[in-house]
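Numbers restart at 1 for each chain; the letters A, B, ... are given by sequence-line order, proteins then strands. Predicted model only: the values in this text are computed from it and were never measured.
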There are 2 protein chains.
Amino acid sequence: MKKKTAHEQFIAYLRSEGKNITPERLHILDAVLNQKAHFKIDDMIEKMSCAKKRVSRATVYRSIKTIENAGLIKYIRSINDEKIYEVQKEHHDHMICESCGKIFEFHDKDLETLQDLICESHGFTPKRHTMKIFGICEKCKKDD
Amino acid sequence: MKKKTAHEQFIAYLRSEGKNITPERLHILDAVLNQKAHFKIDDMIEKMSCAKKRVSRATVYRSIKTIENAGLIKYIRSINDEKIYEVQKEHHDHMICESCGKIFEFHDKDLETLQDLICESHGFTPKRHTMKIFGICEKCKKDD
DNA sequence: CAGATAATTGAGATTTAATCTCAATTACGA
DNA sequence: TCGTAATTGAGATTAAATCTCAATTATCTG
Ligand SMILES: [Mn+2]
Ligand SMILES: [Mn+2]
Ligand SMILES: [Zn+2]
Ligand SMILES: [Zn+2]
């Protein structure tokens, strides 16, 4: 069986919540999916105010939150406390370079397993987590 | 040799930065240190507006930032996106209960070591990190 | 497809945490 | 003690995010 596209997932989510499927919501979803991994909400607002079909600021805020609740994007924060959303792929964690600001994604199965074990030993049932490692990336070390 | 108190560390920091040692700054530091681990900036503003020596809102914001730069407190965020500061003790990570909102601190040496290894394998030099695990705590599971 | 109903939208108003302004005060080195 | 630069307080300002509400639109039912 085929894996559902983000578009299909969103529609399914809207249906399940009794929310209407509006062109505004679908437009914003498309813009979000065409974005590279990380984006700021202001980028979206600007993008949507120039597009053929323009969408208001209030609706961008509202829809971004809806898309987030649908699990298709996630709210993260970069080093300078900037508010950034990211399109959800498989789970991953972040390394953030304090020199160039670049965000690197990584995934380590052992790390995830160890986290689960630690939670278990504390009687805590983990649902999700975020981990951000701040430091200096390989490139910035060389350029130094 | 004795370990420096937070108070001494703060004074040393102010000196090293050529900043003045003012009663307002020391007052706010004291209030912060008397706080239990986690606090909101509004608590501080209120506390400082009732104290014998009252301190203005602007100065609370300014000094909290100074104390943060001195490394004595750290800015974290809880589940509902509330802005919370915490007094810095040894490094630790967080488990946050999505049911009761309680924040649990933990430290696991193996986890830290593994993180360093992963960074190394990516050519990334880690300076600091944050890790938050969201889920359900032991007590909330029972009360269910 | 038409009509009823509830959800959604847009534009501008509003909220509110955080920052800024600047005159008055204070800390500090000489 | 004095001169200078840093800091403070009170209120003004900023700006992201939310709210308001009349007009529009999606969806359901027959
Ligand atoms: Mn992870
Ligand atoms: Mn850690
Ligand atoms: Zn870098
Ligand atoms: Zn709990």
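- Checking dA11(C), dA17(C), dT27(D) against the side-chain heavy atoms of A58(A) singles out dA11(C) as nearest.
- Rounded to an integer number of Å, the gap from CE of M44(A) to P of dA17(D) is 14 Å.
- Of the possible donor and acceptor atoms, none in the side chain of K132(B) sits under 3.5 Å from a partner among the backbone N and O of I76(B).
- Comparing dT18(D), dT9(C), dT8(D) against the side chain of R25(A) picks out dT9(C) as the nearest.
- Distance, E24(A) CD to dA23(D) C1': 13 Å, rounded to whole Å.
- Closest contact between the side chain of K19(B) and the listed nucleotides dT7(D), dA16(D), dG10(C) involves dT7(D).
- Not one side-chain nitrogen or oxygen of T59(A) sits closer than 4.0 Å to the OP1 or OP2 atom of dT8(C).
- In this structure, R57(A) places its CZ atom 9 Å from P of dA16(D), rounding to the nearest Å.
- Backbone-only engagement by R54(B) is indicated by non-hydrogen atom pairs under 4.0 Å involving sugar-phosphate atoms exclusively.
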### Derivation of the salt bridge (charged side-chain N to carboxylate O under 4.0 Å, His left out) call for E82(B) and K40(B)
CA-CA 8 Å; E82(B) 259 187 329; K40(B) 296 190 232 113; 3.4 Å; yes
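- Salt bridge present: E98(A) and R128(B) bring a charged side-chain N and a carboxylate O closer than 4.0 Å.
- Heavy atoms of R62(A) sit under 4.0 angstrom from at least one base atom.
- When rounded to the nearest whole Å, the span between CD1 of I45(A) and C1' of dG10(C) equals 14 Å.
- Taking atom CE of M48(A) as the reference point, atom P of dA11(C) lies 13 Å away to the nearest angstrom.
- No contact: K40(B) has no heavy atom under 4.0 Å from any strand.
- A salt bridge is defined here as a Lys NZ or Arg NE, NH1 or NH2 lying under 4.0 Å from an Asp or Glu carboxylate O, and R62(A) with E24(A) fails to meet this definition.
- Here dT24(D) presents its C1' atom at 12 Å from CG of N20(A), a figure rounded to the nearest Å.
- Here the side chain of T22(B) is nearest to one of dT9(C), dT8(D), dA17(D), namely dT8(D).
- Nearest-nucleotide positions on DNA chain C for P23(B) and Y75(B) put Y75(B) closer to the 5' end.
- Side-chain nitrogen and oxygen atoms of Y61(A) include none within less than 4.0 Å of the OP1 or OP2 phosphate oxygen of dT18(D).
- Residues F124(A) and G135(B) share a closest heavy-atom pair of CZ-N, 3.4 Å.
- In this structure, E46(A) places its CD atom 13 Å from P of dA16(D), rounding to the nearest Å.
- In this structure, the CD1 atom of I64(B) is 13 Å from the P atom of dT8(D), given to the nearest Å.
- For K65(B) and dT19(C), the shortest distance from a side-chain N or O to OP1 or OP2 is below 4.0 Å.
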